[in-house]
Amino acid sequence: MKKLLTSSLVFLAVIAFGQTAKQEKLLQYVNPLVGSDSRFDFSNGNTYPAIALPWGMNFWTPQTNKMGDGWCYQYASNKIRGFKQTHQPSPWINDYGAFSIFATTEKLVFDENKRESWFSHKAEVSKPNYYKAYLSDYNTTVEITPTERAARFRITYPQTDKAYLIIDGFFKNSMVKVFPKERKIVGYARNSSGGVPDNFKNYFVIYVDKEFEEIFGVKDGDIQVNVSEVESKHAGSIIRFKTKTNEQVNLKIASSFISAEQAELNLQSEIGNQTFDQLVEKGANSWNTQLNRIKVEGGSVDEMRTFYTALYHTMLFPRKFYEIGKDNKIVHYSPYNGKVESGYMFTDNGFWDTFRAVFPLFNLMYPEMNNQIMEGLANTYKEGGWLPEWASPGHRDCMVGSNSASIISDAYLKGVGKSNIETLYEAITKNTKNEGPLSSVGRLGAKYYNDLGYVPYDVGINENTARTLEYAYDDFTIWKLAKSLNKPQSEIDLYAKRAQNYRNVFDKSINFVRGKNKDGSFQSPFRPDKWGDAFTEGCSWHWTWCVFHDVQGLVDLMGGKKNFVSKLDSVFSSPPTFDYSYYGIQIHEITEMLVMNMGQYAHGNQPIQHMPYLYNYAGEPWKTQYHVRNIMKKLYSANPDGLCGDEDNGQTSAWYVFSALGMYPVAPATDQYVLGSPLFKKATISLQNGKTFTIVAPENNANNVYVSGAKLNNVGYSKNFLNYNDVMKGGTLNLMMSSKPNKTKGIADSDFPYSMTNELKK
């Protein structure tokens with residue numbers, strides 16, 4: 001009953017928001033093709049056009065590449081071979097539970113390499129709530145509109161006795177069964193790339209509003225006449241119709257990770273008797289409700305498109321992995337124990353990426369959703385014994401750190417996830433003491449880190465210095481949480497001490513972090529531009545700045561503000577040299593850094609994305625203002641190549657959303673947003689608590705990138721940060737913009753953002 005009440009309150013809050021605020025059609029600015037002009041060796045986002053509702057359980061996407069290829073849709077491709085239900089969070093992680101639909105005419109064909117059809121972007125419509133493509137080889141048009149767990153297809157055929165509907169259950173074991181009298185197809189898909197229990201299945205059901213003339217079963221490529229059921233490594237079915245000119249055949253499709261019966265229930269509850277056009281409108285309303293939480297004005301059309309497309313990307317992951325059972329209770333199939341359990345579950349997220357800006361955005365704008373995600377994290381711990389650091393749908397062995405600590409602590413400290421906090425605190429402290437079943441779960445090298453204060457370079461643990469830096473920051477967030485929860489003082493002191501462990505891998509003689517051997521000596525030889533090795537997807541140029549919680553401590557280590565600023569400047573001015581010997585190849589992240597022509601700055605990957613904001617901690621905020629505006633202008637657009645590097649579950653877009661508003665959460669689990677330079681003349685943030693916070697910069701334009709003065713609620717404001725509580729109370733931040741920097745504003749120590757060193761001095 002509690003879950004039903006919570007869900008109802010959330011629904012009512014969303015409805016109330018839609019009624020009290022003027023609903024603008026902001027969905028018109030979203031382009032799901034942004035980021036899709038990518039490939040294995042060069043990423044402009046590594047996204048696909050997700051036809052989906054916010055945080056929906058299922059996405060749909062056109063499929064241009066072969067089954068199982070992580071790059072399922074590439075903008076440069078000119079042929080489509082299927083329309084796939086997908087759950088893929090990243091091409092590197094790949095998909096699970098995928099199956100596809102396709103529409104052909106005249107020739108009976110199933111093989112995806114033979115059935116693919118030419119298409120053109122000129123005849124393609126891509127929106128989150130609606131997709132349309134013309135398949136020229138077959139003179140068919142396919143339209144799709146999604147719900148959270150279901151979708152409707154509308155397929156327009158020419159006049160023919162040989163109109164075919166293909167249901168492809170995909171490889172790695174699948175089943176398809178046809179019920180001609182009911183015009184119904186059921187089945188399941190078991191494909192995955194890991195992270196699933198042995199009993200994993202994605203059950204699907206399809207209803208067609210057209211009589212079947214003939215059916216064919218497809219077993220591992222062999223097409224068999226009048227075979228209604230196939231269960232094999234790769235199962236499929238082909239339905240033949242007789243159609244008139246421009247006849248539309250409608251499909252209702254739903255799926256479930258729980259059971260075939262639940263798939264039917266999902267279809268009835270989310271589609272029922274609603275028409276295709278009704279679902280298109282309903283999907284538009286769903287997206288517009290969420291997008292209207294932030295209204296920006298006074299920018300170009302391209303900037304509006306870039307902003308709202310970025311906001312769309314932040315609301316795709318983590319996906320809902322729960323369903324509404326027959327008794328109207330929230331239930332989920334657990335990818336951790338293979339059982340059907342009660343309560344929320346979310347998946348498809350890499351916390352190494354999203355702790356930085358995505359989850360802070362949720363805590364600011366969508367706390368009702370993040371509250372559910374926190375319950376899902378508690379359920380993950382209860383069902384699998386560990387918090388997920390990279391889940392898809394279960395644990396995946398990817399990336400470093402135990403960044404669930406940051407996500408949980410920041411949420412709680414901002415009033416989110418309180419009902420499960422003791423369970424979650426137990427989970428994150430367990431991480432600090434143990435290595436997990438995978439290197440990405442728990443803390444690899446935990447004993448070394450706890451005993452020595454760092455993970456040594458020479459004990460066979462890769463990316464050791466990166467782990468040390470992230471563990472130290474995570475311990476800071478636990479320290480903050482432990483204080484808030486009134487934990488024993490000895491426990492609080494322990495995490496305060498460990499939060500300073502970043503000092504143990506900093507070499508004052510060169511002002512870089514570097515690997516440190518077990519005996520206390522630094523690794524040698526050392527190149528600050530060597531990617532990997534002691535670091536994760538970057539080098540010391542990038543990781544030296546990963547002291548989010550104690551920038552003042554880093555300033556002190558570097559010998560003061562002047563040296564610190566000079567070191568920041570050198571990131572942008574140094575030649576983009578690199579050493580890829582650890583990887584053996586020039587990985588795409590290196591290439592993406594090179595082509596930016598921004599020195600050693602590598603915005604296409606996460607470790608350094610906060611770095612331009614660090615000038616605020618050393619009294620030169622105008623340099624932050626210059627660089628963040630330059631990055632937004634140079635590296636983002638509303639085109640298919642409009643992202644730089646991997647999107648990574650919305651993180652690269654979340655950076656843009658925050659930066660376009662004029663602020664950034666450098667250190668989640670603190671109560672501050674570090675200020676930059678807003679992109680728009682006005683931004684109105686409608687908060688869930690009913691308050692409104694507005695950022696106004698009337699003189700803003702492409703030349704006036706510097707903040708010459710500020711007022712918060714009509715009172716002069718010199719600080720280089722905003723407090724979370726000031727935003728949540730509602731109000732107005734007025735910014736005076738200029739083409740020249742004001743080098744007298746934000747230069748006092750009292751203007752600098754939070755650093756742990758300063759708190760410990762008090």
Side-chain angles (χ1 to χ4, degrees), residues 30-39 43-103 112 115-117 119-121 123-135 141-155 166-170 189 191-193 202 204 251 253-255 279-280 283 287 309 312-313 315-317 319 348 392 640 643 646-647 649-650:
V30 176
N31 179 10
L33 296 176
V34 169
S36 66
D37 189 6
S38 300
R39 58 183 190 267
S43 175
N44 285 311
N46 267 338
T47 66
Y48 54 86
I51 310 157
L53 295 191
W55 302 288
M57 189 177 88
N58 301 324
F59 301 169
W60 288 87
T61 192
Q63 179 193 349
T64 64
N65 286 353
K66 65 181 181 179
M67 173 181 60
D69 191 327
W71 285 260
C72 57
Y73 177 98
Q74 290 179 293
Y75 188 81
S77 299
N78 48 35
K79 290 186 178 181
I80 290 177
R81 59 184 64 201
F83 299 92
K84 182 173 75 160
Q85 187 193 90
T86 179
H87 309 96
Q88 179 172 298
S90 155
W92 311 104
I93 293 294
N94 217 302
D95 213 342
Y96 61 90
F99 64 95
S100 73
I101 305 296
F102 204 56
E112 64 173 353
R115 76 186 184 216
E116 63 181 358
S117 170
F119 84 110
S120 170
H121 298 301
E124 181 185 39
V125 179
S126 181
K127 288 291 179 184
N129 65 318
Y130 173 78
Y131 181 85
K132 178 180 180 180
Y134 174 66
L135 305 178
T141 298
V142 176
E143 299 169 274
I144 309 170
T145 188
T147 70
E148 288 185 344
R149 300 166 188 84
R152 285 200 69 140
F153 275 59
R154 185 163 63 193
I155 304 173
I166 297 173
I167 300 93
D168 190 337
F170 274 35
N191 55 86
S192 75
S193 302
N202 181 26
F204 58 83
L251 280 59
I253 306 176
S255 66
L279 288 182
V280 170
W287 276 108
T309 299
Y312 148 80
H313 277 137
M315 289 187 280
L316 294 175
F317 303 102
R319 79 173 66 254
D348 290 323
S392 183
L643 288 168
D646 286 350
E647 166 65 354
N649 308 142

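Since the model is a prediction, treat every value here as computed from it, not as a measurement.
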Does some side-chain heavy atom of I80 sit less than 4.5 Å from a side-chain heavy atom of S117?
-> no
Say whether, by atom type as modelled, one donor and one acceptor occur between the side chain of T145 and the main chain of N129 under 3.5 angstrom.
-> yes
Non-hydrogen side-chain atoms of P62 and I51 separated by less than 4.5 Å | yes
Relative to each other, are the rings of F99 and F204 parallel, tilted or perpendicular (30° and 60° limits)?
-> parallel
So do Y131 and T61 actually touch side chain to side chain, heavy atoms under 4.5 Å?
-> no
N58 side-chain N/O to R149 backbone N/O, donor-acceptor pair under 3.5 Å = yes
Got I101 and F153 here, is their nearest side-chain heavy-atom distance under 4.5 Å?
-> yes
Quick one: list whatever passes salt bridge (Lys or Arg N to Asp or Glu O under 4.0 Å) with E116, sequence neighbours left out.
-> R81
Return yes when atom NZ of K132 has more than 12 non-hydrogen atoms of other residues, nucleotides or ligands closer than 6.0 Å, and no otherwise.
-> no
Nearest-0.5 Å distance, CD of residue Q85 to CG of residue D168 = 13.0 Å
Taking all heavy atoms of W60 and all of A151, pick out the closest pair and write down the distance.
-> NE1-CB, 3.3 Å
May I ask you to decide if S36's main-chain N or O and W71's side chain share a donor-acceptor pair within less than 3.5 Å?
-> no
Rounded to the nearest 0.5 Å, how far does CD1 of I166 lie from OG of S100?
-> 8.0 Å
Mind listing the closest non-hydrogen atom pair of A50 and Y312 along with its distance?
-> O-OH, 2.9 Å
Can you measure from CD1 (I155) to OG1 (T141) and round to the nearest 0.5 angstrom?
-> 10.0 Å
Heavy-atom side-chain contact between N202 and F170 under 4.5 Å | no
Those residues at least two apart in sequence (or on a different chain) that pass ring-ring contact (aromatic ring centres under 6.0 Å, His included) with Y96 are H87
Between the CG atom in L53 and the CZ atom in R319, the distance rounded to the nearest 0.5 Å is 12.0 Å
Among all residues two or more places apart in sequence or in another chain, which pass the side-chain hydrogen bond (donor to acceptor under 3.5 Å, both in side chains) test with W55?
-> none
Could you pull out all residues at least two apart from Y75 that satisfy side-chain hydrogen bond (donor to acceptor under 3.5 Å, both in side chains)?
-> none
Determine yes or no for a side-chain-to-main-chain donor-acceptor pair under 3.5 angstrom, with N649 supplying the side chain and P89 the backbone.
-> yes
Which atom of G45 lies closest to which atom of S38, heavy atoms considered | N-OG, 3.4 Å
Point-to-point distance, once rounded to the nearest 0.5 Å, from CG of D95 to OG1 of T86 = 3.5 Å
Does D646 have any salt bridge (Lys or Arg N to Asp or Glu O under 4.0 Å) partners at least two apart in sequence or in another chain, and if so, which?
-> none
Q63 side chain reached by F102 side chain, heavy atoms, under 4.5 Å | no
For residues L33 and Y73, determine if any side-chain heavy atom of one lies less than 4.5 Å from a side-chain heavy atom of the other.
-> yes
Under 3.5 Å side-chain donor-acceptor pair for S392 and D348 = yes
First locate atom CG of N46, then atom CD of Q74, and finally report the distance between them rounded to the nearest 0.5 Å.
-> 8.5 Å
Smallest separation among heavy atoms of F59 and A52, with atom names = CD2-CB, 3.2 Å
Sequence neighbours left out, what passes side-chain hydrogen bond (donor to acceptor under 3.5 Å, both in side chains) with E143? Give chain and number order.
-> Y130, R154
Check: G97 main-chain N/O paired with N191 side-chain donor or acceptor under 3.5 Å | yes
Donor-acceptor pair, side chain of E112 and main chain of M67, under 3.5 angstrom = yes
How close do P54 and E148 get, heavy atom to heavy atom, and via which atoms?
-> O-OE2, 4.2 Å
Decide yes or no for N94 and Q88: does some side-chain heavy atom of the first lie under 4.5 Å from some side-chain heavy atom of the second?
-> yes
Of all heavy-atom pairs linking A254 and A150, the shortest is CB-CB, 3.7 Å
